[in-house]
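Each remark here refers to the structure printed beneath this line.
Every number for a ligand or one of its atoms is a count from 1 in the order of the listing.
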Amino acid sequence: MKVLKFGGTSVGSAANMRRVADIIVREGASVTVLSAMSGTTDTLQRIASFAAAGGCEEEIALLLAGLKRKYVRCAGELLSDGYADASAAVERTMERVAAEAAAYAGEVSQRTIIAQGELLTTALFTLYMKERGCRAELLHAPAFMYGGEVRVDGGVLRQSVADAARGVYYITQGFICTGPDGRLDNLGRGGSDYSAALIGAALGAGEVQIWTDIDGMHNNDPRYVEGTFPIRRMNFDEAAELAYFGAKILHPSTIQPCKDRGIPVLLKNSMAPDAPGTVISDAEVGGHVYRAVAAKDGITAVRIYSARMLMAYGFLRRVFEVFEKYRTPIDMITTSEVAVSLTVDSDCRLPEIIAELSELGTVEVDTGNSIVCIVGRLDHAEHGRAREIMEAAGDVPLKMISYGASHRSIALLTDTRNRTRLLRNLNDKLFGKDAE
Ligand SMILES: Nc1ncnc2c1ncn2[C@@H]1O[C@H](COP(=O)(O)OP(=O)(O)O)[C@@H](O)[C@H]1O
Ligand SMILES: N[C@@H](CC(=O)OP(=O)(O)O)C(=O)O
């Protein structure tokens with residue numbers, strides 16, 4: 001059984017959706033997970049923000065009209081028999097978003113609004129599959145996907161896809177789920193990859209395929225660095241480190257469910273389906289020491305100075321408890337005699353966190369940073385690795401270095417203004433022309 005996921009760019013137009021349908025049929029996909037057409041979730045998020053601010057009816061109407069045009073045009077180019085159903089679905093969705101925005105009731109409305117992109121895209125695409133003569137069925141992901149302590153109701157899911165072996169193509173939404181309060185919720189931005197991995201794991205799939213707009217995981221971020229190349233095979237742990245530290249192609253939580261069940265993950269290009277892509281599995285991959293570099297922006301560094309830390313135990317526990325209380329994960333951490341520095345990628349609870357940390361010592365907050373992570377076989381017993389990396393970084397100022405927690409990665413913190421230069425320096429020095 002194969003589970004395939006297509007990202008927003010892969011379903012971003014009628015032409016791309018046709019390509020996606022070809023791939024689904026060619027691969028014999030049992031379950032297909034779709035994101036919303038590219039740009040939709042951002043627009044819905046903006047509508048929700050305007051609704052939260054209040055008094056922005058015009059802005060909301062303008063955004064809704066744009067969305068409606070995009071979906072109606074797509075339906076027009078894609079469908080003939082199914083067009084009337086599709087445009088009725090578009091109309092209903094726009095009305096629902098408008099009503100939710102008008103009666104905005106905080107986070108619950110926000111979640112409902114941003115869920116509509118996946119719901120509409122999958123509805124449209126299922127109509128198209130049917131029009132092509134395929135036996136396609138639309139599955140409502142929140143019926144089996146749960147957020148909070150994320151889980152899939154395997155019983156409900158297996159029952160829902162019972163006819164997969166008889167050639168039915170099941171289409172479902174990535175990203176969305178039922179929240180702990182029983183209402184529509186989501187798995188966080190970019191979460192459709194995670195949906196596919198969870199569904200694959202729950203069904204014991206033979207393979208999870210993540211289809212995007214690039215030929216697999218590259219050795220560096222192609223948005224900032226020229227001459228990057230795809231990595232053909234990766235180990236689960238390497239891929240997890242890269243996704244965690246920013247490789248945008250993969251949501252950070254995607255690898256674990258597949259690793260737990262030993263299910264290979266393939267990263268493929270929907271614009272070039274015959275390109276080999278990247279295979280991620282539990283096989284140890286030999287070869288070059290340095291595998292890839294990734295960057296994550298929007299990082300805030302928090303430093304806590306306290307003489308009480310000197311020779312004390314229990315201090316770090318108290319610091320961690322504050323982050324735990326506000327459900328804010330820590331990415332990097334370094335300590336000195338009287339200070340601890342750590343980084344977070346979410347600043348939504350930062351005011352409360354800082355207020356509580358201030359009871360432990362003097363707190364300094366430094367925003368606008370990036371983590372750049374080098375992933376490879378970084379055997380700590382080998383001579384000269386750290387020097388090699390530092391020399392490659394060159395004169396880029398580094399604010400924190402995290403080395404030693406894993407044999408697979410070293411993470412560097414720098415001001416985001418230096419991120420591209422650091423990525424390029426590392427690319428030039430750590431990856432020779434013959435690297436893959
Ligand atoms: N290491 C990397 N390898 C491949 N792509 C990367 C990497 N880092 C960043 N990217 C970017 O990620 C993009 C794909 O992002 P993604 O969110 O998966 O798209 P979608 O969900 O629309 O399919 C690529 O177009 C590429 O620019
Ligand atoms: N549509 C959601 C979920 C998602 O995963 O999208 P994509 O696969 O296009 O990154 C988002 O934009 O966050």
**Report entry** Nearest atoms (heavy-atom pairs only) where Leu184 meets Leu119
**Finding:** CD1-CD1, 4.4 Å
Query - Which atom of Pro273 lies closest to which atom of Ile23, heavy atoms considered - result: CG-CD1, 4.1 Å
Query - Under-4.0 Å salt bridge between Arg232 and Asp215 - result: yes
**Report entry** For Glu238, the option from Arg233, Lys259, Arg291 that meets salt bridge (Lys or Arg N to Asp or Glu O under 4.0 Å)
**Finding:** Arg291
Requested in this report: Please confirm whether Lys296 makes a cation-pi placement over Tyr244, using NZ or CZ under 6.0 Å from the six-membered ring centre and within 45° of the ring normal.
Outcome: yes
Query raised in the report: Nearest protein heavy-atom contact for atom 18 (O) of ligand 1: which residue, which atom, what distance?
Result: Ile249 O, 3.3 Å
Query raised in the report: What are the two closest heavy atoms between Tyr290 and Glu388, and how far apart are they?
Result: OH-OE1, 2.6 Å
Query - Backbone or side-chain N or O of Ile214 under 3.5 Å from ligand 1 N or O - result: no
Query raised in the report: ligand 2 and Gly188, any nitrogen or oxygen pair closer than 3.5 angstrom?
Result: no
Query - Shortest reach to atom 8 (O) of ligand 2 by a heavy atom, considering only Gly12, Gly174, Ser35 - result: Ser35
Query - Nearest neighbour of atom 9 (O) of ligand 2 from the list Gly8, Ser195, Ser38, on a heavy-atom basis - result: Gly8
Requested in this report: Mark up the atoms of ligand 1 that fall under 4.0 Å of a heavy atom belonging to Met217, in ascending order.
Outcome: 1 (N), 3 (N)
Report summary line: ligand 2 to Glu118, heavy atom cutoff 4.0 Å, flagged ligand atoms 1 (N), 2 (C), 3 (C)
Query raised in the report: Does some non-hydrogen atom of Pro222 fall short of 4.0 Å from ligand 1?
Result: yes
Query raised in the report: When you look for heavy atoms under 4.0 Å from ligand 1, do you find them on the side chain of Met37, its backbone, both, or neither?
Result: neither
Query raised in the report: When you check the gap from the basic side-chain N to the acidic O, do Glu284 and Arg408 get nearer than 4.0 Å?
Result: yes
Query raised in the report: Does a sphere of radius 6.0 Å around CZ in Arg18 hold more than 12 heavy atoms from other residues, nucleotides or ligands, not counting ones at 6.0 Å or beyond?
Result: yes
Query raised in the report: Quick one: does ligand 2 sit under 4.0 Å from the side chain of Ser192, the backbone, both or neither, non-hydrogen atoms only?
Result: both
Report summary line: Val156 and Ala143 have their tightest heavy-atom pair at CG1-O, 3.6 Å
Query - Subset of ligand 2 atoms that lie under 4.0 Å from at least one heavy atom of Arg189 - result: 11 (C), 12 (O), 13 (O)
Query raised in the report: CD1 of Ile114 to OG1 of Thr40: how many Å apart, nearest 0.5 Å?
Result: 12.0 Å
Query raised in the report: After noting the C-alpha distance and the side-chain angles of Arg424 and Asp221, does the key distance pass the salt bridge (charged side-chain N to carboxylate O under 4.0 Å, His left out) rule?
Result: CA-CA 9 Å; Arg424 288 179 184 160; Asp221 195 320; over 6 Å; no
Query raised in the report: At the 4.0 Å heavy-atom cut-off, does Gly191 count as touching ligand 2?
Result: yes
**Report entry** Ion pair Asp193/Lys248, N-O distance below 4.0 Å
**Finding:** no
Query raised in the report: Out of Asp415, Asn418, Asp297, Thr414, which one pairs with Ser370 under the side chain to side chain donor-acceptor pair (under 3.5 Å) rule?
Result: Asp297
Query raised in the report: If you measure every N/O of Gly190 against every N/O of ligand 2, is any gap under 3.5 Å?
Result: yes
Query raised in the report: Is the shortest distance from a heavy atom of Gly117 to ligand 2 less than 4.0 Å?
Result: no
Query raised in the report: Within the structure, does Ser10 bring an N/O atom to less than 3.5 angstrom of an N/O atom in ligand 1?
Result: no
Report summary line: Closest heavy-atom pair, Val33 versus Ser195, reported as atoms and distance to 0.1 Å, is CG1-CB, 4.2 Å
Query raised in the report: Is ligand 1 less than 4.0 angstrom away from at least one heavy atom of Gly216?
Result: yes
**Report entry** Mode of Asn220 contact toward ligand 1 - side chain, backbone, both, neither (heavy atoms, under 4.0 Å)
**Finding:** backbone
Report summary line: Any heavy atom of Lys5 under 4.0 Å from ligand 2? The part involved is side chain
Query raised in the report: Hey, which atoms in ligand 1 end up nearer than 4.0 Å to a heavy atom of Asp213?
Result: 13 (C), 14 (C), 24 (C), 25 (O)
Query raised in the report: For ligand 1, which atoms have a heavy atom of Arg223 less than 4.0 angstrom away?
Result: 9 (C), 27 (O)
**Report entry** N/O separation below 3.5 Å, Val293 to ligand 1
**Finding:** no
**Report entry** atom 9 (C) of ligand 1 [closest protein heavy-atom partner, distance rounded to 0.1 Å]
**Finding:** Asp221 OD1, 3.4 Å
Report summary line: for atom 22 (O) of ligand 1, nearest protein heavy atom and its distance come out as Thr9 OG1, 2.9 Å
Query raised in the report: How close do Ala36 and Thr121 get, heavy atom to heavy atom, and via which atoms?
Result: CA-OG1, 3.5 Å
Requested in this report: Return the option from Lys5, His251, His218 holding the heavy atom at the smallest distance from atom 2 (C) of ligand 1.
Outcome: His218
Query raised in the report: What part of Lys248 sits under 4.0 Å from ligand 1 if we count only heavy atoms: the side chain, the backbone, both or neither?
Result: both
Report task. Could you list the atoms of ligand 1 found under 4.0 angstrom from a heavy atom of Thr212? Result -> 14 (C), 16 (P), 18 (O), 19 (O), 20 (P), 23 (O)
